[in-house]
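Notes to accompany the following structure.
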Amino acid sequence: MPDNISAILSASAGPVAIFTDFDGTLVEIAPSPDAVIVPADLPQRLERLYGALDGALAVITGRTIADIEGFLPHQDFSVTGSHGAERRHDGEIEDPDPDHIAGARHIAKALTHHLGEEAGILIEPKPTGVAVHYRAAPEKRAEVERIVERAVAGVSGFHVIEGKKVVEARPVGTDKGEAIRALMTIVPFKGRTPVFIGDDVSDEDGFIAATDLGGFGIKVGQGETAARFNLAGTAEVHAYLDALAERIAARAANQPAQSQEESMVK
Ligand SMILES: [Mg+2]
């Protein structure tokens with residue numbers, strides 16, 4: 001096992017809650033958001049981990065919940081989508097703020113008007129925000145930024161966030177850090193050590209929140225980060241998650257024998 005994975009496993013020795021980003025973390029980044037390929041063994045890996053963690057597993061993503069359910073159907077883990085503006089927990093999807101929905105619609109309309117015909121630009125309306133992807137036309141970055149800034153300026157309570165080849169309009173106060181802080185107040189996350197895994201600038205809020213709450217961040221790839229650990233890519237993320245699930249399962253297998261001894265003493 002690589003040294004970095006062993007070090008992360010040592011740091012996650014107690015009961016942990018795993019929070020993980022999706023794109024670039026669980027799956028490789030694709031040329032367009034819907035071209036992502038879910039590895040054949042990922043669904044089973046996540047089911048096993050969910051069981052090992054007694055449900056303390058959540059995907060924290062900029063994508064919508066509907067998107068995640070499309071890629072990973074029939075999963076029980078919690079999902080915080082649209083950078084914290086939408087949440088699915090215990091199989092229930094909580095309704096987003098109606099002001100956020102109205103603001104996002106307004107911004108999407110303006111962006112479609114200004115960028116809808118632009119080659120290589122993909123406008124992705126979300127329930128509570130709008131993402132503008134320029135991966136297919138990286139030379140248009142400055143233009144996209146300017147137009148999104150202008151569209152957002154007219155709507156109160158929204159701001160602009162940059163990601164990898166994407167510029168997003170999002171409600172102020174929704175970020176991955178807030179998403180983790182909120183989940184950490186409820187069962188089964190509460191009382192566990194939070195670990196957040198992500199690859200992008202928008203994941204930094206999550207690393208800071210996990211650290212503040214007594215846990216740590218794991219940055220996938222290189223770059224300046226508030227995360228304590230690094231993993232090279234999605235293959236290493238999968239290896240860490242598998243090793244963690246295995247270790248918890250091995251401990252649980254030893255547990256019944258131990259409690260039997262304890263009850264005999266009593
Ligand atoms: Mg990502």
Side-chain angles (χ1 to χ4, degrees), residues 4 8 17-39 42-43 45-46 49 57-72 75 77-88 122 124 126-136 138 141 144 148 160-170 174-180 183 194-211 215-241:
N4 56 339
I8 302 169
I18 296 291
F19 301 97
T20 175
D21 171 48
F22 182 69
D23 295 86
T25 301
L26 290 179
V27 300
E28 299 286 349
I29 289 178
S32 71
D34 53 2
V36 154
I37 293 166
V38 176
L42 184 61
R45 165 175 295 119
L46 294 174
L49 184 65
L57 173 65
V59 170
I60 312 286
T61 175
R63 285 188 184 262
T64 63
I65 291 171
D67 243 1
I68 295 299
E69 289 183 341
F71 287 118
L72 293 165
Q75 293 271 342
F77 54 71
S78 298
V79 185
T80 299
S82 304
H83 299 276
E86 296 181 84
R87 191 163 81 178
R88 180 188 82 187
L122 177 68
E124 184 194 0
K126 299 182 180 189
T128 58
V130 187
V132 182
H133 302 268
Y134 59 88
R135 187 167 295 272
R141 177 183 173 167
V144 168
V148 177
V160 179
I161 302 289
E162 301 262 346
K164 285 182 181 166
K165 308 281 187 255
V166 61
V167 182
E168 288 204 43
R170 292 210 316 246
T174 60
D175 63 51
K176 291 188 176 185
E178 290 308 313
I180 290 169
L183 283 172
V195 177
F196 177 57
I197 316 167
D199 70 306
D200 207 344
V201 282
S202 61
D203 296 317
E204 293 297 321
D205 296 319
F207 299 144
I208 293 166
T211 308
F216 55 88
I218 304 171
K219 160 93 174 172
V220 182
Q222 298 303 309
E224 178 102 4
T225 182
R228 185 165 142 207
F229 296 103
N230 269 92
L231 289 171
T234 59
E236 283 200 357
V237 173
H238 297 166
Y240 163 62
L241 297 179

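First listed ligand is number 1; within each ligand, the first listed atom is number 1. Residue numbers run from 1 in the order of the sequence given. Predicted model only: the values in this text are computed from it and were never measured.
Annotation: cation-pi pair R228/F207 absent, no NZ/CZ under 6.0 Å from the ring centroid and within 45° of its normal.
Listing protein N, O or S atoms at distances below 2.8 Å from the Mg ion (ligand 1), with waters left out, gives D21 OD2, D23 O, D199 OD1.
Formation of a donor-acceptor pair under 3.5 Å by the K219 side chain with backbone atoms of E224 is not found in this model. In terms of modelled atom types and a separation under 3.5 Å, the side chain of Q75 and the main chain of P43 share a donor-acceptor contact.
Counting only N and O atoms by type, the side chains of H83 and E168 include a donor and acceptor under 3.5 Å apart. Checked by atom type, the side-chain pair T64/E86 shows no donor-acceptor distance below 3.5 Å.
Ring geometry for F216 versus F229: interplanar angle over 60°, hence perpendicular rather than tilted (30 to 60°).
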